Amino acid sequence: MPAQYPPRPHSIAWSNISHFSPMFYLTGFPGLEAIERWIFIPFFLMYMVAISGNCFILIIIKTSPRLHTPMYYLLSLLALTDLGLSVSTLPTTMGIFWFNYHGIYFGACQIQMFCIHSFSFMESSVLLVMSFDRFVAICHPLRYSVIITGWRVIRAGLFVILRGPVALVPIVLLLKAFPYCGSLVLSHSFCLHQEVIHLDCVDTTFNNLYGLTLVVFTVMLDLVLIVLSYGLILHTVAGLASREEQLRAFQTCTSHLCAVLVFFVPMTGLSLVHRFGKHAPPAVHLLMANIYLFVPPMLNPIIYSIKTKEIRCAIVKFLGLKKVTAEPWG
């Protein structure tokens with residue numbers, strides 16, 4: 001049974017709030033506590049694939065001079081965000097499923113939710129910049145080297161790194177100004193802002209509206225712009241003379257398109273469940289949150305290793321296997 005915490009009063013002075021550090025109770029899979037160590041095995045395998053896969057992508061790009069191009073620098077940034085997302089959830093997930101430790105202090109919970117949401121926004125931004133790169137490569141191939149320069153990639157990287165965390169700081173810090181009531185039980189093995197905010201004893205309209213606005217003008221706007229870029233790409237591809245040229249041009253986007261679907265489909269499902277599925281079974285919330293946080297970091301390095309011939313050739317060369325003829329973005 002989760003530990004019970006005495007309710008906090010609805011009116012607390014700021015001097016008391018500044019020293020208030022409640023202990024939240026994270027949950028794994030309710031009713032399956034007896035086999036939580038066995039449940040951790042698939043999670044552990046996903047962590048191993050995500051962390052080792054993204055580290056391997058970074059090593060391959062670092063050690064292969066042929067991959068020192070803007071698109072692969074962006075792929076490195078994607079691997080870094082996936083790595084950060086995996087590492088952000090690892091401590092509490094391992095603590096619950098392996099050590100049966102469910103508590104997390106408020107300060108640690110703040111740091112974890114800030115990291116999870118920051119890396120999620122970063123990944124959305126990286127995918128947007130990568131879609132612009134694919135748009136220029138297909139729709140304006142002769143001007144690609146002029147438009148996509150190293151300096152512009154650096155500026156895009158800074159935009160990706162700073163946009164989400166800077167926007168998140170106010171609502172994450174403001175959580176400390178609220179009193180918390182009841183048992184303080186969270187329904188996941190990690191801290192999410194949309195869950196913690198529901199445990200407050202006071203009106204949290206500002207945080208709710210700010211959070212919704214942030215999602216709309218970052219993740220949702222990114223998705224709209226990505227869809228728009230692919231609409232223009234499809235229009236350009238449809239105008240090519242032969243079917244072979246059309247297929248070859250669109251194949252250069254398959255890896256990125258798969259990464260977009262793997263990231264945005266679970267994120268959209270999780271947002272819908274949190275906002276409109278209040279009466280849905282707890283298993284639905286758990287499943288969507290775990291898919292959203294664990295599956296994209298695991299699948300992205302696999303997708304790019306399988307679908308991108310230049311990455312495959314670099315892996316073959318790195319491992320000292322037989323040489324394979326490379327075709328750019330096949």
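Computed from a predicted structure; not experimentally measured.
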How about Asp200 and His198: does a side-chain donor come under 3.5 Å of a side-chain acceptor? no
Are Thr89 and Leu85 packed together at the side-chain level, in the sense that at least one heavy-atom pair is separated by less than 4.5 angstrom? no
Donor-acceptor pair, Ser124 side chain versus Phe121 backbone, under 3.5 Å? no
Test your reading of the model: is there a side-chain donor-acceptor pair from Thr27 to the backbone of Ser187, 3.5 Å cut-off? yes
Side-chain donor-acceptor contact under 3.5 Å, Tyr72 with Ser64: no
Using a 3.5 Å distance criterion without hydrogens, assess whether the side chain of Thr149 forms a donor-acceptor pair with backbone atoms of Val146. no
Ignoring hydrogens and geometry, is there a side-chain-to-backbone donor-acceptor pair from His193 to Gly211 under 3.5 Å? no
Do Leu78 and Tyr304 have side chains that get closer than 4.5 Å, going by heavy atoms? yes
Examine the side chains of Asn300 and Glu123 and answer whether a donor and an acceptor come within less than 3.5 Å of each other. yes
Is there a continuous path of hydrophobic side-chain contacts, each under 4.5 Å between heavy atoms, that joins Leu209 to Val196? no
Which heavy-atom pair separates Ala50 from Asn54 by the least distance, and what is that distance? O-ND2, 2.7 Å
Does atom CZ of Phe44 have more than 12 heavy-atom neighbours from other groups under 6.0 Å away? no
Is Gln112 reaching over with its side chain to a backbone N or O of Cys191, donor-acceptor style, under 3.5 angstrom? yes
Membership question, hydrophobic clusters at under 4.5 Å side-chain separation (ILVMFWY): are Val224 and Leu127 in the same one? no
What distance do Ile233 atom CD1 and Leu257 atom CG have between them, rounded to the nearest 0.5 Å? 9.0 Å
Counting N and O atoms only, with roles assigned by atom type, does the side chain of Ser229 sit under 3.5 Å from a partner on the main chain of Ile226, one being a donor and the other an acceptor? yes
Using side-chain heavy atoms (C-beta onward) and a distance below 4.5 Å, is Ser125 in contact with Asp222? yes
Interatomic spacing from CG in Leu192 to CD1 in Ile116 - rounded to 0.5 Å: 5.5 Å
List the atom of Ile60, the atom of Ala314, and the distance in Å for their closest heavy-atom pair. CG2-CB, 3.5 Å
According to a hydrophobic-cluster definition based on side-chain heavy atoms being under 4.5 Å apart (Ile, Leu, Val, Met, Phe, Trp, Tyr only), do Val215 and Leu174 belong together? yes
Hphob cluster co-occupancy, Phe99 + Phe190, side-chain heavy atoms under 4.5 angstrom: yes
Check whether any side-chain heavy atom of Phe24 sits under 4.5 Å from a side-chain heavy atom of Val185, and report yes or no. no
Does Phe206 belong to the same Ile/Leu/Val/Met/Phe/Trp/Tyr cluster as Leu173, with side-chain heavy atoms less than 4.5 Å apart forming each link? yes
Under a 4.0 Å N-O cut-off, is there an ion pair linking Arg152 with Asp133? no
Closest non-hydrogen atoms of Gln110 and Val172, given as atom of the first, atom of the second and distance, are NE2-O, 2.7 Å
Less than 4.5 Å apart, side chain to side chain, heavy atoms only: is that true for Phe294 and Thr93? yes
Going by heavy atoms in the side chains, are His68 and Tyr73 under 4.5 Å from each other? yes
Within the distance-only criterion (no hydrogens, no angle test), does the side chain of Thr92 pair as donor or acceptor with the backbone N or O of Ser189 below 3.5 angstrom? yes
Quick one: sort the Phe56 and Phe318 rings into parallel, tilted or perpendicular, breaks at 30° and 60°. perpendicular
Please check if the side chain of Arg312 supplies one atom and the backbone of Ile306 the other of a donor-acceptor pair under 3.5 Å. yes
Sidechain-backbone polar pair: Thr308 side chain, Ser305 backbone, donor-acceptor under 3.5 Å: no
Checking His235 against Tyr230: is there a side-chain donor and acceptor pair closer than 3.5 Å? no
Within a strict 4.5 Å, meaning less than it, do heavy atoms of the Trp38 and Phe97 side chains meet? no
Over all heavy atoms of both residues, which pair between Lys307 and Ser255 is shortest? Give the atoms and the distance, please. CB-OG, 3.0 Å
Phe106 and Leu175, any side-chain heavy atoms less than 4.5 Å apart: yes
Using modelled atom types only, decide if a donor and an acceptor are shared between the side chain of His102 and the backbone of Leu26 within a distance under 3.5 Å. yes
Between OG1 on residue Thr236 and NE2 on residue His140, distance to nearest 0.5 Å: 7.0 Å
